[in-house]
Amino acid sequence: MDHTAQINHDAVLRARVALLGSGTLPVRRQVAAYRVLVQVSPLAYLPRLVEALYEYSCQEFWDRPAISLALRTEALSAARRMCALEGGREVLLASALAGYREQLALMGRDGELEAADAELGSLGFGFKEALETLRRPRGTV
């Protein structure tokens with residue numbers, strides 16, 4: 001079976017219309033749309049998904065650390081996938097890693113912080129520098 005046969009084309013169309021349609025789409029709906037569109041155009045939509053997941057975790061789940069960590073873990077996974085598909089995406093990976101590390105620090109998960117810091121260092125970024133790239137206006141990471 002061909003990969004495109006597994007994709008729900010109606011869902012893809014609805015996601016594209018949602019993103020193009022109303023101008024200001026709530027971040028939760030952006031995340032839902034990007035999750036669908038990543039299936040058909042990962043190179044185009046993985047970076048947008050990473051940014052939207054971080055924003056979603058900050059806006060909607062700042063008071064629910066477990067959910068925020070899950071969203072940031074998903075963002076980190078998406079950034080790693082993007083790096084595997086296309087080289088030269090270290091800034092995206094570092095920013096997703098910094099967002100993940102930020103949530104670990106808020107939750108007091110010190111053991112995992114060391115691993116995140118080591119990975120950031122291996123990419124050539126410090127935590128604050130990488131986090132700044134994530135907090136820039138959308139589309140500039």
Side-chain angles (χ1 to χ4, degrees), residues 1-22 24-141:
M1 181 184 286
D2 151 346
H3 175 68
T4 56
Q6 298 174 6
I7 296 169
N8 181 337
H9 295 287
D10 290 338
V12 170
L13 183 60
R14 281 192 303 273
R16 286 187 174 142
V17 167
L19 289 171
L20 293 172
S22 66
T24 339
L25 195 61
V27 71
R28 121 183 92 72
R29 298 219 26 232
Q30 290 176 29
V31 166
Y34 291 141
R35 283 174 173 158
V36 170
L37 294 172
V38 156
Q39 297 172 39
V40 291
S41 291
L43 291 176
Y45 291 105
L46 279 169
R48 295 174 187 175
L49 178 62
V50 170
E51 293 174 355
L53 285 165
Y54 177 78
E55 191 176 323
Y56 190 36
S57 75
C58 292
Q59 286 182 12
E60 304 279 334
F61 298 104
W62 60 269
D63 60 339
R64 299 175 69 190
I67 295 172
S68 184
L69 182 62
L71 290 168
R72 292 178 191 209
T73 301
E74 182 183 351
L76 182 55
S77 177
R80 285 186 171 129
R81 182 173 169 212
M82 185 67 200
C83 283
L85 290 171
E86 181 178 76
R89 292 302 191 129
E90 291 80 15
V91 173
L92 179 70
L93 179 56
S95 64
L97 192 55
Y100 174 73
R101 187 214 178 276
E102 177 184 52
Q103 189 61 39
L104 290 174
L106 290 171
M107 296 172 73
R109 295 171 73 165
D110 297 333
E112 294 162 278
L113 280 175
E114 290 178 24
D117 284 336
E119 190 173 352
L120 268 173
S122 74
L123 293 171
F125 289 87
F127 169 66
K128 290 181 182 180
E129 175 189 9
L131 193 60
E132 284 302 313
T133 63
L134 193 57
R135 291 185 174 161
R136 287 183 190 149
R138 287 280 245 11
T140 60
V141 170

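All figures in this text were calculated on a predicted structure; none of them were measured in a lab. Below, each value reflects all heavy atoms present in this structure, side chains not excepted, and no hydrogens, waters or symmetry copies.
Smallest separation of non-hydrogen atoms from Ala52 and Val27: O-CG2, 3.6 Å. The heavy-atom pair separating Ala130 from Ala98 by the smallest distance is CB-CB, 3.6 Å. Closest heavy-atom contact between Ala78 and Leu49: CB-CD2, 4.3 Å. A pairwise comparison of heavy atoms in Leu120 and Phe127 identifies CD1-CA, 3.9 Å as the closest pair. Counting all heavy atoms, side chain and backbone alike, Ala105 lies closest to Leu113 at N-CD2, 3.7 Å. Smallest separation of non-hydrogen atoms from Phe125 and Glu90: CE1-O, 4.0 Å.
Annotation: Glu114, atom CD; neighbour count of heavy atoms from other residues, nucleotides and ligands within 6.0 Å does not exceed 12. More than 12 heavy atoms of other residues, nucleotides or ligands lie within 6.0 Å of CZ in Arg35, so this atom counts as buried by the packing criterion.
Side-chain polar atoms of Tyr100 and Glu119 form no donor-acceptor pair below 3.5 angstrom.
The OG1 atom of Thr24 lies 9.0 Å from the CD atom of Gln30; values are rounded to the nearest 0.5 Å. Distance CG/Leu92 to CZ/Arg80: 11.5 Å, rounded to 0.5 Å. Of the inter-residue distances, the one linking Leu46 atom CG with Leu85 atom CG reads 6.5 Å to the nearest 0.5 angstrom. Within the model, atoms CZ of Arg81 and CZ of Arg89 stand 13.0 Å from one another, a figure rounded to the nearest 0.5 Å. The structure places CG of Leu71 at 12.5 Å from CG of Leu76, a figure rounded to the nearest 0.5 Å. Between the CZ atom of Arg72 and the CG atom of Leu53 there is a distance of 10.5 Å, given to the nearest 0.5 Å.
Among Glu60, Glu102, Gln103, the single residue meeting the side-chain hydrogen bond (donor to acceptor under 3.5 Å, both in side chains) criterion with Ser68 is Gln103.
For Phe61, the ring-ring contact (aromatic ring centres under 6.0 Å, His included) partners at least two apart in sequence or on another chain are Tyr56. In this view, Arg109 and Glu112 satisfy the side-chain hydrogen bond (donor to acceptor under 3.5 Å, both in side chains) rule, not counting sequence neighbours.
With hydrogens and angles ignored, the 3.5 Å screen pairs no side-chain donor or acceptor of Ser77 with any backbone N or O of Thr73.
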Step-by-step side chain to side chain contact (heavy atoms under 4.5 Å, CB included) determination, Met82 to Leu93: CA-CA 8 Å; Met82 185 67 200; Leu93 179 56; over 6 Å; no

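Side-chain contact between Val36 and Arg14 is absent, with no heavy-atom pair separated by less than 4.5 Å. The shortest distance between side-chain heavy atoms of Glu74 and Val50 does not fall below 4.5 Å.
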